[in-house]
Amino acid sequence: QVQLVESGGGLVQAGGSLRLSCAASGRIFSINAMGWYRRAPGKQRELVATITTSGSTNYADSVKGRFTLSRDNAKNTVYLQMNSLKPEDTAVYYCNADLWSVVGQGMNYWGKGTLVTVSS
């Protein structure tokens, strides 16, 4: 019905940059918000950044000034530009979408995750 396709993860050195993408597809009526969460080894999942269709953003304190979340509403896609990466940013990053399906259900979807590894 609805799929979230993530891309852009990989291995980078500390101080480097990476760009993640997430595209939502399927029988979507409307999207309320999209964003990224991450789960580091041995830690719980945490919010990274979210954005609404109107452009309102929310960032974790740990990434403010380094990460930028943007969106293309026409493509139901969000992009996470990650700069000045640190080893502590190493995690599996999961795309999230809060939406309404065409059958009238309010739903929250998760991508399968993309691994970001930052070496020192």
Side-chain angles (χ1 to χ4, degrees):
Q1 184 183 112
V2 176
Q3 300 82 39
L4 301 181
V5 180
E6 304 145 316
S7 63
L11 174 64
V12 298
Q13 292 187 341
S17 298
L18 211 58
R19 185 181 188 239
L20 305 183
S21 299
C22 176
S25 62
R27 299 182 65 80
I28 300 169
F29 180 74
S30 64
I31 295 178
N32 300 314
M34 293 183 69
W36 292 91
Y37 293 71
R38 67 187 181 187
R39 189 182 186 98
K43 299 181 67 177
Q44 293 184 304
R45 184 178 63 192
E46 64 176 354
L47 180 146
V48 178
T50 59
I51 188 168
T52 67
T53 54
S54 64
S56 179
T57 55
N58 183 37
Y59 294 93
D61 289 341
S62 60
V63 307
K64 287 181 179 177
R66 300 188 297 120
F67 292 9
T68 302
L69 185 65
S70 60
R71 87 293 185 192
D72 184 338
N73 290 338
K75 297 181 178 180
N76 289 333
T77 300
V78 293
Y79 308 92
L80 184 66
Q81 180 66 45
M82 304 185 294
N83 298 325
S84 301
L85 283 162
K86 304 174 181 179
E88 50 262 45
D89 294 319
T90 295
V92 177
Y93 285 69
Y94 297 92
C95 182
N96 176 264
D98 183 48
L99 54 81
W100 286 92
S101 73
V102 296
V103 296
Q105 298 184 68
M107 302 291 289
N108 188 267
Y109 285 91
W110 293 93
K112 295 185 181 297
T114 184
L115 178 63
V116 172
T117 302
V118 185
S119 62
S120 59

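Basis for what follows: all heavy atoms, side chains included, without hydrogens, waters or symmetry-related copies.
Remark: S120 pairs with no residue by the side-chain hydrogen bond (donor to acceptor under 3.5 Å, both in side chains) rule, at least two apart or across chains. Partners of E46 according to the salt bridge (Lys or Arg N to Asp or Glu O under 4.0 Å) rule, which considers only residues two or more places apart in sequence or in another chain, are R38. Qualifying side-chain hydrogen bond (donor to acceptor under 3.5 Å, both in side chains) partners for R45, counting only residues two or more places apart in sequence or in other chains: none. S70 meets the side-chain hydrogen bond (donor to acceptor under 3.5 Å, both in side chains) test with no other residue; sequence neighbours excluded. Annotation: salt bridge (Lys or Arg N to Asp or Glu O under 4.0 Å) contacts of K64 (sequence neighbours excluded): D61. Looking at residues two or more places apart in sequence or on another chain, you find no salt bridge (Lys or Arg N to Asp or Glu O under 4.0 Å) involving R39.
Grouping Ile, Leu, Val, Met, Phe, Trp and Tyr by side-chain contacts under 4.5 Å, direct or through others, leaves Y79 on its own.
Residue pairs that meet the ring pair (Phe, Tyr, Trp, His ring centres under 6.0 Å) test with at least one member in residues 13-34, sequence neighbours left out, do not exist here. Residue pairs satisfying the disulfide (SG to SG under 2.5 Å) criterion with at least one member in residues 32-62, sequence neighbours excluded, are absent. The stretch residues 1-17 participates, sequence neighbours left out, in no salt bridge (charged side-chain N to carboxylate O under 4.0 Å, His left out) pair at all. Screening residues 96-105 for side chain to side chain donor-acceptor pair (under 3.5 Å), with sequence neighbours left out, gives N32-D98, N96-N108. Legend: ring pair (Phe, Tyr, Trp, His ring centres under 6.0 Å) pairs involving residues 33-77, not counting sequence neighbours, sorted by first then second residue: Y37-W110.
When all heavy atoms are compared, the tightest approach of L69 to T50 is CD2-C, 3.3 Å. Taking every heavy atom of both residues into account, I31 and A24 meet most closely at CD1-CB, 4.1 Å. Of all heavy-atom pairs between A91 and L115, the closest is O-CD1, 3.6 Å. For N83 against S17, the heavy-atom pair with the smallest separation is OD1-OG, 2.9 Å. Between V78 and C95, the shortest heavy-atom distance links the atoms CG2-SG, 4.4 Å. Minimum heavy-atom separation, A60 to L47: CB-O, 3.3 Å.
Residues M82 and Y94 are members of separate hydrophobic clusters, defined by side-chain heavy-atom contacts under 4.5 angstrom among Ile, Leu, Val, Met, Phe, Trp and Tyr. Under a hydrophobic-cluster definition in which Ile, Leu, Val, Met, Phe, Trp and Tyr are linked whenever side-chain heavy atoms come within less than 4.5 Å, directly or via other members, V118 and L18 are assigned to the same cluster. Hydrophobic cluster membership differs between V48 and V92, with clusters built from Ile, Leu, Val, Met, Phe, Trp and Tyr side chains linked at under 4.5 angstrom.
For the residue pair T52 / S54, a side-chain donor-acceptor distance below 3.5 Å is found, with atom types taken as modelled.
By the 4.5 Å heavy-atom criterion applied to side chains, M107 and V2 are not counted as neighbours. Taking the side chain as every heavy atom from C-beta outward, R66 and D89 approach each other to under 4.5 Å.
Of the inter-residue distances, the one linking L80 atom CG with M34 atom CE reads 11.5 Å to the nearest 0.5 angstrom. Rounding to the nearest 0.5 Å places CZ of R71 at 15.0 Å from SG of C22. For the atom pair CG (L99) and OG1 (T53), the distance works out to 11.5 Å, reported to the nearest 0.5 Å.
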Check against side-chain contact (heavy atoms from CB on, under 4.5 Å), L20 and V116
CA-CA 9 Å; L20 305 183; V116 172; 4.1 Å; yes
